[in-house]
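Both counts, for ligands and for their atoms, begin at 1 and track the order of listing. Along the sequence shown, residues are numbered consecutively beginning with 1.
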Amino acid sequence: MAMVGEEKAGGSRSKVLVIGATGRFGQELVKASLAAGHPTYALVREPTFSRADASLLLRSFSASGVTLLKGSLQDFPSLLEALKQVDVVICAVPSSQVLEQKLLIRAIKQAGCIERFIPSEFGADPDKVQTVEMDHDFYKKKAEIRRCIEKEGIPHTYISCNFFQRYLLPSLIQPGLKTPPTDKVKIFGSGNVKAVFVKESDVATFTICAIDDTRTLNKVLYLRPSGNAYSQNELTEIWEVKMGKKLEKIHVTEEQLLKSIHETPFPSNIDLFFIYSAFVKGDHTYFSIDSSGLDGSELYPHVRCTTVSEFLDMLSERTSI
Ligand SMILES: NC(=O)c1ccc[n+]([C@@H]2O[C@H](COP(=O)([O-])OP(=O)(O)OC[C@H]3O[C@@H](n4cnc5c(N)ncnc54)[C@H](OP(=O)(O)O)[C@@H]3O)[C@@H](O)[C@H]2O)c1
């Protein structure tokens, strides 16, 4: 396998299969793969071809040179057939379906030709989060998939990108709101714990950088760009400067937040849970990257990330303040 930026022997780029290509994040993976010049394949479920909202997207994929393959995670022969045509598999099915990757892992093992598998994670590191008893197995399932991959000896990279910018940041971490607050803001815990928000297209670019890079083989790629890691107090201050106005702070203690998480039925409490994990426990940033991981910004300094401040600029243009 070639180092990053190099081509494979014979002058060709690795062939990339995206599973979940019609999803919000999957689309970004397809774009990033094409932009880097990889022959790109998408595994698409049969009914999706005739779904009105997907057919336009699939037509645009085809026009851009994407090879569309019929199949699904539940259909072993379709997986095997697709895998035989590619070198790299990236899975972007929703977190609720991560265990369905077990059949894919069996197919990858049987196909024997896959040089890198990127499983559907794209969040906090499931082996590092400190809140596993509270999340209805959200991270346990992702960790279980890691163990299956490792047991089968499948070459892999795990992408630990923390939060997407589309998650929680549009409301400035205010559960229940869709836009940032203009008068009062809830601050959870001390407000000083940093969490990380990376734009999905940037996560996709980092992912594609990693697939042919020998340095990321069997490692976790952590994304923590410096312009993307902020505490709630810092985020509030940035927003106040952009608005030219101070917000009233409502402090929610760790105990009050935990009480709300326990009193709110699952899955309605999931935003509160992620706030607790990231902004109280510090699950994105509490640990240093050890020998099992690498820092994406150090490996790929050429990837220019949309910063949190730039994202908030975009929000302030849309918010009448
Ligand atoms: N860090 C964060 O803040 C954050 C936030 C959200 C998501 N994520 C992560 O991003 C990844 C993708 O999430 P998303 O929100 O982009 O997902 P999504 O929009 O719900 O898309 C899911 C995709 O999976 C496909 N799919 C579902 N079941 C399948 C099956 N059995 N066989 C083949 N394809 C199947 C869907 O295809 P159809 O079109 O056929 O339905 C669709 O393309 C996940 O790893 C998730 O954990 C991270």
Side-chain angles (χ1 to χ4, degrees), residues 17-32 41-58 61 66 68-83 89-105 107 117-126 129 135-143 145-146 157-171 173 195-204 206-207 221-224 228-229 267 270-271 273-275 277-279 283-284 296 308 311:
L17 173 68
V18 179
I19 301 179
T22 50
R24 282 168 296 180
F25 180 56
Q27 295 180 35
E28 300 297 341
L29 287 168
V30 169
K31 279 189 224 157
Y41 297 68
L43 187 85
V44 182
R45 296 192 276 189
E46 183 144 23
T48 305
F49 281 92
S50 48
R51 218 178 60 208
D53 63 315
S55 64
L56 198 63
L57 178 68
L58 293 176
F61 280 172
V66 177
L68 303 179
L69 305 171
K70 266 187 204 148
S72 99
L73 278 185
Q74 286 87 9
D75 179 354
F76 192 78
S78 76
L79 290 174
L80 213 47
E81 187 57 34
L83 294 172
V89 183
I90 310 175
C91 192
V93 293
S95 47
S96 55
Q97 284 174 254
V98 289
L99 289 183
E100 291 176 27
Q101 294 175 108
K102 285 188 176 179
L103 196 64
L104 174 63
I105 292 168
F117 175 41
I118 319 280
S120 192
E121 282 199 4
F122 307 105
D125 184 335
V129 288
D135 66 3
H136 292 257
D137 293 344
F138 182 91
Y139 288 115
K140 198 173 158 196
K141 290 177 191 165
K142 292 188 175 189
I145 288 299
R146 282 189 176 190
T157 302
Y158 305 136
I159 308 293
S160 192
C161 63
N162 302 304
F163 287 149
F164 289 164
Q165 284 181 348
R166 76 162 135 102
Y167 184 60
L168 291 176
L169 199 51
S171 70
I173 336 297
V196 180
F197 293 90
V198 186
K199 193 174 178 188
E200 280 154 292
S201 53
D202 296 331
V203 176
F206 278 114
T207 304
L221 186 73
Y222 291 99
L223 304 186
R224 297 172 169 180
N228 297 60
I270 200 75
D271 288 351
F273 163 73
F274 282 120
I275 289 170
S277 163
F279 284 104
D283 281 338
H284 296 179
V308 161
F311 182 86

Quick one: does any side-chain atom of [X] pair with a main-chain N or O of [Y] as donor and acceptor, under 3.5 Å?
| X | Y | value |
| --- | --- | --- |
| Ser120 | Val93 | yes |
| Lys142 | Glu121 | yes |
| Ser78 | Ser72 | yes |
| Asn162 | Phe197 | no |
| Gln101 | Ile145 | no |

TODO: Begin from the C-alpha positions of Phe273 and Phe138 and carry the test ring pair (Phe, Tyr, Trp, His ring centres under 6.0 Å) through to its verdict.
DONE: CA-CA 11 Å; Phe273 163 73; Phe138 182 91; 7.4 Å; no

Provide, to 0.1 Å, the distance between [atom] and the closest protein heavy atom, together with that atom's residue and name.
| atom | answer |
| --- | --- |
| atom 12 (C) of ligand 1 | Ala92 O, 3.3 Å |
| atom 43 (O) of ligand 1 | Thr22 OG1, 2.6 Å |
| atom 27 (C) of ligand 1 | Arg45 NH2, 3.2 Å |
| atom 14 (P) of ligand 1 | Arg166 NH2, 4.0 Å |
| atom 23 (C) of ligand 1 | Gly20 CA, 3.6 Å |

Could you tell me whether the side chain of [Y] reaches within less than 4.5 Å of the side chain of [X], counting heavy atoms only?
| X | Y | answer |
| --- | --- | --- |
| Leu169 | Val308 | yes |
| Asp271 | Leu168 | yes |
| Val203 | Phe164 | yes |
| Ile270 | His136 | no |

Open item on the list: Students often mix this up, so state it plainly: with edges at 30° and 60°, are the rings of Phe279 and Phe163 parallel, tilted or perpendicular?
Closed with: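 Because their plane-to-plane angle lies in the 30° to 60° range, the rings of Phe279 and Phe163 count as tilted.
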
Atom indices of ligand 1 within 4.0 angstrom of [X] heavy atoms, with elements:
| X | value |
| --- | --- |
| Glu100 | 31 (N) |
| Phe25 | 16 (O) |
| Phe163 | 1 (N), 3 (O) |
| Asn162 | 1 (N), 2 (C) |
| Gln74 | 31 (N) |
| Thr48 | 38 (P), 39 (O), 40 (O) |
| Ser120 | 44 (C), 45 (O) |
| Gln97 | 27 (C), 28 (N), 29 (C), 31 (N) |

Using a 4.0 Å heavy-atom threshold (strictly under), name the region of [X] that reaches ligand 1: side chain, backbone, both or neither.
| X | answer |
| --- | --- |
| Arg51 | side chain |
| Val93 | both |
| Leu43 | neither |
| Tyr167 | side chain |
| Lys142 | side chain |

Is [X] in polar range of ligand 1, meaning some N or O pair under 3.5 Å apart?
| X | value |
| --- | --- |
| Pro94 | no |
| Gly23 | yes |
| Phe164 | yes |
| Leu73 | yes |
| Arg24 | yes |
| Ile19 | no |
| Gly123 | no |

- [ ] Would you check, one step at a time, whether the test side-chain contact (heavy atoms from CB on, under 4.5 Å) holds for Glu28 with Thr207?
- [x] CA-CA 10 Å; Glu28 300 297 341; Thr207 304; over 6 Å; no

Task: Flag if over 12 foreign heavy atoms under 6.0 Å of CD, Gln74 - done: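 Yes, because the 6.0 Å sphere around CD of Gln74 holds more than 12 heavy atoms from other groups.
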
Open item on the list: When you measure from the centre of the six-membered ring of Phe311, is the NZ or CZ of Lys199 closer than 6.0 Å and no more than 45° off the axis?
Closed with: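 So Lys199 doesn't make the cation-pi contact.
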
Task: CA sep, side-chain torsions, deciding dist, call: Asp125, Tyr158, side-chain hydrogen bond (donor to acceptor under 3.5 Å, both in side chains) - done: CA-CA 9 Å; Asp125 184 335; Tyr158 305 136; over 6 Å; no

